[in-house]
Q: 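Take this structure first; my questions come after.
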Amino acid sequence: MFAAERRQLILEMVRANGAVSLRELARVVQTSEVTVRRDVRALEAEGLLDRRHGGAVLPGGFTRESGFPQKSHLATAEKTAIADLAAGFVEEGEAIVVGAGTTTQELARRLARVPGLTVVTNSLLVAQALAHANRVEVVMTGGTLRGSNYALVGSGAEQSLQGLRVSRAFLSGSGLTAERGLSTSNMLSASVDRALVQAAAEVVVLADHTKLGTDTMFQTVPTDVITRLVTDEPPGHDDRAATELQALADQGVQITVAGGAAAAAAQGQGGAEGTPAADRRGPRREVPLPGQRRSHPTAGPAPQLRSAALTADPQGGRVADLAPRRR
């Protein structure tokens, strides 16, 4: 394929989806990510699209949000690997909240056989994934249906969360930076996500590497409120993702990274529904905290990370400490 043909196809994909990862672009045009990155730079120079961390968006994409059909086809293997790991942090008998999103939908599919689990959600897709789970109680918020992501939003959703207290919130979003934390492109969605955070003692963010370093319009979870980030292994050449992960660790966020083997296994197995989450965990690289992460925005300062030797992960992966840089 000639460069002009490649770039035309890249532009058509971005126009159709709003945002596309470099990995997905490379797969479709059947070339390397290095070549695609060069094409994206050329298209950006012509003002036809904007580069974002790990991908490309339409000009002015800072405020644009892709709909569910587009999001569901982006970074599918990465989302599966992230969901597999995140499900392992949910214990029997817990009460949790799960926000809207394609990654949280994948998580919900893996929670169907956690005994005694109570899931509060504003997402129709999350509720649907758990609808036939005999030992899981699903509680839905009120609110107005937002069709683009099948989520309940507005004052009704927010009011139904008042007075609620659960152990953990699992949230996704459009972008994640160490400076602003998790953000999204829609004001109504952001407001409900903030209400979900207020109901939880801990906040777990699920975000694939394409969202690292991306900043969108409305902040949902400040960095100092995020307990843990579950993400996938960024490409080796993606220095910005590694830098962003280090910056998040410097601010006390506990980070769990699904390795390449985990993503490959998840893609091959399709994340079989009903398999215990702990049995499906693949290799991971974890950034542990020496003490408990602060559990609520009103709590005291977060503990500092400390250096630790590389140790074995009983699930077959490895555990490493990403220590904060010395100042």
Side-chain angles (χ1 to χ4, degrees), residues 71-72 75-123 125-139 166-173 176 182 196 200-209 211 226-233 253-288 293 313-319:
K71 289 181 179 179
S72 63
T76 53
E78 291 86 346
K79 292 173 182 176
T80 299
I82 289 168
D84 282 341
L85 287 186
F89 297 114
V90 180
E91 301 176 357
E92 295 183 12
E94 267 196 282
I96 63 174
V97 294
V98 180
T102 51
T103 310
T104 51
Q105 180 189 24
E106 287 296 321
L107 170 64
R109 290 170 176 156
R110 287 150 181 78
L111 299 179
R113 290 195 178 181
V114 179
L117 185 65
T118 300
V119 177
V120 181
T121 184
N122 68 319
S123 169
L125 298 175
V126 168
Q128 183 184 43
L130 294 168
H132 300 291
N134 294 330
R135 293 180 289 179
V136 178
E137 182 178 1
V138 180
V139 179
V166 298
S167 59
R168 293 183 181 89
F170 291 87
L171 297 175
S172 188
L176 177 65
L182 190 67
L196 292 172
E202 297 181 358
V203 178
V204 181
V205 170
L206 312 181
D208 64 77
H209 75 274
K211 296 177 181 178
I226 298 173
T227 308
R228 180 187 295 271
L229 165 64
V230 184
T231 186
D232 64 292
E233 188 77 41
V253 177
Q254 192 168 349
I255 301 171
T256 303
V257 181
Q267 189 175 31
Q269 298 171 4
E273 190 171 343
T275 305
D279 295 341
R280 292 197 313 277
R281 285 193 193 179
R284 70 182 187 186
R285 181 163 53 84
E286 186 162 353
V287 184
R293 172 75 173 170
D313 184 334
Q315 299 296 338
R318 56 198 180 98
V319 178

Q: Looking at every non-hydrogen atom in both residues, tell me the closest pair between V90 and F170 and how far apart they are.
A: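 So the minimum-distance heavy-atom pair works out to CG2-CZ, 3.6 Å.
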
Q: Yes or no on side chain to side chain contact (heavy atoms under 4.5 Å, CB included) for K211 and L206, after CA distance, side-chain angles and deciding distance?
A: CA-CA 10 Å; K211 296 177 181 178; L206 312 181; over 6 Å; no

Q: Cationic tip of R168 within the cone over F89's six-membered ring, i.e. under 6.0 Å and within 45° of the normal?
A: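 Judged by the rule, R168 and F89 form no cation-pi pair.
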
Q: Enter the distance from I226:CD1 to Q254:CD here, rounded to the nearest 0.5 Å.
A: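 So the CD1 of I226 and the CD of Q254 are separated by 13.0 Å.
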
Q: State, with a plain yes or no, whether a side-chain heavy atom of L176 is found less than 4.5 Å away from one of L229.
A: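 Contact flag for L176/L229 side chains = yes.
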
Q: Do the charged groups of K79 and D208 touch, with an N to O distance under 4.0 Å?
A: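 So K79 does not pair with D208 through a salt bridge.
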
Q: I need the minimum non-hydrogen distance between G99 and S123, along with the two atoms involved.
A: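 Scanning both residues, the minimum pair turns out to be O-CB, 4.2 Å.
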
Q: Say whether, by atom type as modelled, one donor and one acceptor occur between the side chain of S172 and the main chain of T104 under 3.5 angstrom.
A: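 Pair absent, no side-chain N/O of S172 close to backbone of T104.
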
Q: Mind checking the CD-CZ spacing from E92 to R113? Nearest 0.5 Å is all I need.
A: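 Interatomic distance, E92 CD to R113 CZ, rounded to 0.5 Å: 13.5 Å.
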
Q: For the residue pair V136 and A112, what are the closest heavy atoms and their distance?
A: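 Nearest pair, atom of V136 first, then A112: CG2-O, 3.5 Å.
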
Q: Please answer whether the main-chain N or O of A95 pairs with a side-chain N or O of S167 as donor and acceptor at a distance below 3.5 Å.
A: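 It does hold such a pair.
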
Q: Say you draw a straight line from CG of L130 to CD of Q105; how long is it, rounded to the nearest 0.5 Å?
A: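 Answer for the CG-CD pair, L130 versus Q105, is 10.0 Å.
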
Q: Do the side chains of V203 and L182 get nearer than 4.5 Å, heavy atoms only?
A: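 The answer is no; the side chains never approach within 4.5 Å.
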
Q: Applying the side-chain contact (heavy atoms from CB on, under 4.5 Å) criterion to I96, which one of V119, L107, V120 satisfies it?
A: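 Only one of V119, L107, V120 forms a side-chain contact (heavy atoms from CB on, under 4.5 Å) with I96, namely V119.
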
Q: Should H209 and E78 count as side-chain neighbours, where that means a heavy-atom distance under 4.5 Å?
A: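 Of all side-chain heavy-atom pairs linking E78 with H209, at least one is under 4.5 Å.
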
Q: Are the side chain of T121 and the backbone N or O of V98 linked by a donor-acceptor pair below 3.5 Å?
A: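 At least one qualifying donor-acceptor pair exists.
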
Q: Hey, could you give me the CD1/OG1 distance between I255 and T231, rounded to the nearest 0.5 Å?
A: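 The distance works out to 8.5 Å.
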
Q: To the nearest 0.5 angstrom, please state how far the CZ atom of R228 sits from the CG atom of L85.
A: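 The CZ atom of R228 sits 9.5 Å away from the CG atom of L85.
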
Q: Which atom pair, heavy atoms only, marks the closest approach of V114 to E91?
A: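 It is CG1-O, 3.8 Å.
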
